[in-house]
Amino acid sequence: MEHMALSGIIASLCTVIGAIPALLFKHVSHRRRDSLLAYTAGIMVAASTYSLIPSALKLSNLAVLAAGILAGTAVLTLMEKAIPSSESMRFSNKQAMQDKSLFFLLAMGLHNLPEGLSVGVSYASEHTDLGPLVSFAIGLQNVPEGFLISFFLISHQVSKWKAVWLAAGTAVIELAACFAGFHFTSRISGVVPYGLAFAAGAMLYVVYKELIPESHGDGHERPATFAFIAGLLTMIGLTHGLR
């Protein structure tokens, strides 16, 4: 219990640690903003394809993986439709940014649920080496994820400290899910691979639907593309080197 609690707290705190550096950006040019968004998008793609998806396959099979990924994309699609369209309703540009921020925050908070559950369940499982591995992988991806949440919100006119607190809120969701997963393992242990695949699908949806279009919206496609590749290689290097 103590090891699970410590690992869950550390993994969740990684989100806050990653969110704090966004406070240092007083003014970000369109080029740098697009590159940063693309860089974090590359990190998220690597976290999904190099960590979450292999973990889901290790615990289940291709059918479970496909079901989880499709569920993640379907849920986020429904969430996006539930948020009023700023274009169809002719909202102001400020309202459009608020809509994007709300959808993005809900999406990231939602995808933290299965991540937290997977940490708790992995510690309660009979595989003693699974808990540290899963918590390490999720904590590692939480650092750039925290930065991405706060940076995305700040770039959409949310105040800096509010953005950090909102990023911390998604970390609390993950920590609560971690404890729930540990205490209810017998009931939900079979859900863990679905949860990992769900988190991967949600993350990939956010990358393709929000981050890549955002990073290509101001004519900086080429530097954004190189930044995306750099982020991808950074995450793969960290995950591979620290295993």
Side-chain angles (χ1 to χ4, degrees), residues 3-4 7-8 10-12 14-15 18 38-76 107-108 110-148 170-171 173-175 177-178 181-182 185 188-209 211-212 228-243:
H3 290 100
M4 181 280 302
S7 295
I10 292 174
S12 299
C14 285
T15 301
Y39 181 79
T40 49
I43 287 177
M44 292 177 71
V45 169
S48 298
T49 57
Y50 199 74
S51 178
L52 295 177
I53 290 176
S55 296
L57 284 173
K58 182 179 179 181
L59 296 173
S60 59
N61 52 54
L62 183 60
V64 171
L65 175 69
I69 289 178
L70 291 173
T73 55
V75 169
L76 290 196
M108 300 308 290
L110 179 66
H111 112 279
N112 276 355
L113 282 173
E115 287 187 359
L117 286 174
S118 65
V119 173
V121 172
S122 63
Y123 266 98
S125 70
E126 58 186 22
H127 304 287
T128 56
D129 61 333
L130 187 60
L133 178 63
V134 172
S135 61
F136 169 76
I138 289 177
L140 188 63
Q141 71 162 42
N142 279 347
V143 176
E145 184 179 296
F147 174 80
L148 174 62
T170 65
I173 293 173
E174 183 174 300
L175 183 60
C178 176
F182 183 82
T185 300
I188 65 173
S189 58
V191 182
V192 171
Y194 288 97
L196 291 170
F198 181 96
M203 195 177 289
L204 292 173
Y205 183 95
V206 168
V207 167
Y208 190 80
K209 181 65 173 61
L211 300 185
I212 291 178
F228 175 87
I229 294 172
L232 189 80
L233 293 175
T234 298
M235 188 64 186
I236 291 175
L238 286 172
T239 305
H240 182 73
L242 296 177
R243 276 182 174 176

Trainee: Roughly how far apart are Ile10 CD1 and Asn142 CG, rounded to 0.5 Å?
Mentor: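 CG of Asn142 is found 12.0 Å from CD1 of Ile10.
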Trainee: Indicate the atoms forming the closest heavy-atom contact of Ala11 with Ser135, along with that distance.
Mentor: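 Smallest heavy-atom distance, with atoms named: CB-O, 4.0 Å.
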Trainee: Kindly give the heavy-atom pair with the smallest separation between Pro193 and Val64, and that separation in Å.
Mentor: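 It is CB-CG1, 4.0 Å.
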Trainee: Report yes if the side chains of Val143 and Ile43 come closer than 4.5 Å at any heavy-atom pair, otherwise no.
Mentor: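 Heavy-atom side-chain distance check fails, nothing below 4.5 Å.
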Trainee: To the closest 0.5 Å, what do you measure between OH (Tyr39) and CG (Leu233)?
Mentor: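 Spacing of OH (Tyr39) from CG (Leu233) equals 9.5 Å.
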Trainee: How long is the straight-line distance from CZ of Phe228 back to CG of Leu211, given to the nearest 0.5 Å?
Mentor: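 Separation between the atoms: 9.5 Å.
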Trainee: Kindly give the heavy-atom pair with the smallest separation between Ala197 and Ala56, and that separation in Å.
Mentor: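 It is N-CB, 4.1 Å.
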Trainee: So, for Met4 and Gly120, which heavy atoms are closest and what is the spacing to 0.1 Å?
Mentor: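 Nearest heavy atoms, Met4 then Gly120: CG-CA, 4.3 Å.
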Trainee: Please find the pair of heavy atoms, one from Tyr194 and one from Ala67, that lie closest to each other, and give the distance.
Mentor: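 Distance-wise, the nearest heavy atoms are CE2-CB, 4.1 Å.
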Trainee: Contact between Thr73 and Leu204 at the side-chain level, heavy atoms closer than 4.5 Å - yes or no?
Mentor: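 Heavy-atom side-chain distance check fails, nothing below 4.5 Å.
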Trainee: Considering all heavy atoms of both residues, which atom of Ala200 and which atom of Ser48 are nearest to each other, and what is their separation?
Mentor: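 Nearest heavy atoms, Ala200 then Ser48: O-OG, 3.7 Å.
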